[in-house]
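Down below is the structure, laid out as structure tokens.
These numbers come from the heavy atoms of this one structure, side chains and all, not from hydrogens, waters or symmetry mates. Please read these numbers as outputs of a predicted model, since none were measured by experiment. Just so it is clear: chains get the letters A, B, ... in the order the sequence lines come, proteins before strands, and each one is counted from 1.
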There are 2 protein chains.
Amino acid sequence: MLVEKHPLKPQSLLSLKLKPYWSGNYSLYKMLNPQEILKKNSFRVTQHRCEVLTYFIQSKIALNHRQLELKYRGTINRVSLYRILHSFTEKKILCKLIDSVGSVSYVLDKHSSQNDSHVHPHYKCKTCHDVVELPELPADYRRELEKLNVLQLNMLAEGICQECQKSMK
Amino acid sequence: MLVEKHPLKPQSLLSLKLKPYWSGNYSLYKMLNPQEILKKNSFRVTQHRCEVLTYFIQSKIALNHRQLELKYRGTINRVSLYRILHSFTEKKILCKLIDSVGSVSYVLDKHSSQNDSHVHPHYKCKTCHDVVELPELPADYRRELEKLNVLQLNMLAEGICQECQKSMK
DNA sequence: GAGTATAATGCAACAATGTTGCAAAATTAA
DNA sequence: TTAATTTTGCAACATTGTTGCATTATACTC
Ligand SMILES: [Mn+2]
Ligand SMILES: [Mn+2]
Ligand SMILES: [Zn+2]
Ligand SMILES: [Zn+2]
């Protein structure tokens with residue numbers, strides 16, 4: 001059986017799609033200030049929420065509760081931090097990442113404005129905590145997952161990113 | 001550009017490979033008794049380890065520490081249970097599953113005897129805690145993950161399995 | 001089978017992480 | 001400015017997992 005094969009080399013699954021987490025339409029977060037983001041999600045604009053959101057926007061990496069507790073010690077109560085992280089995650093401002101030992105961290109959700117519900121596999125550098133969003137799983141694979149009535153998917157890859165590998169030499 | 005295309009319809013990624021977690025060569029666990037499994041992994045054959053391993057083999061589902069603590073209350077100390085789970089996981093007798101809220105459970109590792117180091121995505125039913133092992137991620141996708149120097153991958157899909165959906169009607 | 005080295009266990013204490021109820025304070029809308 | 005509503009801080013509690021150390025069980029040698 002002979003068929004026409006597209007002359008272009010098939011594009012690698014990731015190479016073309018994988019971008020720094022903060023490129024492209026994610027610049028949305030640079031245009032909207034924290035106040036607007038909060039309002040857009042029908043939150044009250046409080047000092048604490050603004051500061052935490054600003055910190056996530058500035059630092060661009062995954063942060064865990066402990067880091068925030070240290071940064072805001074004497075300023076924001078630890079319970080309030082839990083509640084802020086929880087509510088931000090609920091509204092998809094943040095994305096909750098759970099690694100292979102069960103440790104939790106949060107990163108600004110690239111898709112918070114897009115109102116889609118697809119799977120979000122992420123890659124997180126174990127050293128600098130930088131996060132890139134991996135492309136969705138291939139369609140065939142997703143289709144089969146659907147057959148299993150998948151309701152939640154926890155997927156996080158971890159490693160040492162290129163940058164950190166360079167600076168280790 | 002004309003190339004030979006294989007006349008067989010490409011097989012679905014999962015349909016052909018997905019089997020009940022306990023079929024096939026997993027019957028290994030039905031042949032080896034717990035004592036032999038422990039010896040094979042250079043553990044001392046203790047009452048506690050035999051009981052826990054037997055329980056995993058018999059129940060065939062994912063179990064968490066709490067369940068074991070309840071089952072063995074008054075018999076096995078909770079710290080010992082943690083240590084047993086930890087050592088079994090280390091030797092790949094058990095596989096540690098972490099779901100999308102961070103809850104941990106353990107299931108007998110289908111590949112414990114095969115000495116391979118590939119990724120093990122699993123599907124766990126939220127109701128009956130039955131586990132099936134998903135096929136590996138497609139090769140293209142895995143290759144790209146490799147480029148990111150992936151050291152760990154946490155991947156667990158959850159949903160309501162067919163059996164449980166039937167019995168819900 | 002007794003003796004010995006080594007590993008497993010129980011216990012207490014600790015640590016990390018997350019939750020709940022409620023009063024006080026801050027924000028919003030009128 | 002007032003009043004409704006949400007957010008916050010605090011204390012207390014819950015869950016999950018870890019560590020050090022004395023005691024006990026197992027495996028190995030004789
Ligand atoms: Mn998305
Ligand atoms: Mn395997
Ligand atoms: Zn890095
Ligand atoms: Zn089920």
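Atom CG of B:L156 sits about 12.5 Å away from atom OG of A:S100, to the nearest 0.5 Å. With values rounded to the nearest 0.5 angstrom, B:Q152 atom CD is found 10.5 Å from A:K124 atom NZ.
Of the two residues near DNA chain D, B:V79 and B:Y82, the one whose nearest nucleotide lies more 5' is B:Y82.
Within the 4.0 Å cut-off from OP1 or OP2 of D:dG9, at least one side-chain nitrogen or oxygen of A:H48 is found. For C:dT9, the OP1/OP2 oxygens have no side-chain nitrogen or oxygen of B:R83 closer than 4.0 Å.
Closest to the side chain of A:I76, from the set D:dT18, C:dA16, D:dG9, is D:dG9. Of the candidates C:dT17, C:dT20, D:dT16, C:dT17 carries the atom nearest the A:R66 side chain, counting heavy atoms from C-beta on. Of the candidates D:dT8, D:dT19, C:dT9, C:dT9 carries the atom nearest the B:S80 side chain, counting heavy atoms from C-beta on.
Atoms CZ (B:R49) and P (C:dA7) sit 11 Å apart, rounded to a whole Å. Distance A:F88 CZ to D:dT7 C1': 12 Å, rounded to the nearest Å. As a whole-Å value, the separation of B:Y106 OH from D:dT16 P is 12 Å. Going from atom CG of B:N77 over to atom P of D:dT19 covers 16 Å, rounded to whole Å. Computed from coordinates, the A:E69 CD to C:dT17 P distance equals 9 Å when rounded to whole Å. As a whole-Å value, the separation of B:R73 CZ from C:dG10 P is 16 Å. Distance, B:I84 CD1 to D:dA25 P: 15 Å, rounded to whole Å. Atom CG of B:L38 and atom P of C:dA8 are 10 Å apart (whole Å).
B:T75 comes within 4.0 angstrom of sugar-phosphate atoms only, judged by non-hydrogen atoms across all strands, and of no base.
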Just the atom pairs and distances: protein N or O near nucleotides 26-28 of chain C's N or O, under 3.5 Å.
| from | atom 1 | to | atom 2 | distance (Å) |
| --- | --- | --- | --- | --- |
| C:dT27 | O2 | A:R44 | NH1 | 2.4 |
| C:dT28 | OP1 | A:V45 | N | 2.9 |

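When the options A:T89, A:D109, A:L85 are evaluated for a side chain to side chain contact (heavy atoms under 4.5 Å, CB included) with A:K96, the one that passes is A:T89. If you run side chain to side chain contact (heavy atoms under 4.5 Å, CB included) between B:L53 and each of B:I84, B:I93, B:L94, only B:I93 comes through.
The side-chain heavy atoms of A:E36 and A:N33, taken from C-beta on, include a pair separated by under 4.5 Å.
Between A:R143 and A:E146 there is no salt bridge, since no side-chain N of the basic residue sits under 4.0 Å from a carboxylate O of the acidic one.
Side-chain contacts under 4.5 Å among hydrophobic residues (ILVMFWY), followed directly or transitively, place A:V79 with no other residue at all.
Side-chain atoms of B:R78 and base atoms of D:dG17 include a donor and an acceptor less than 3.5 Å apart.
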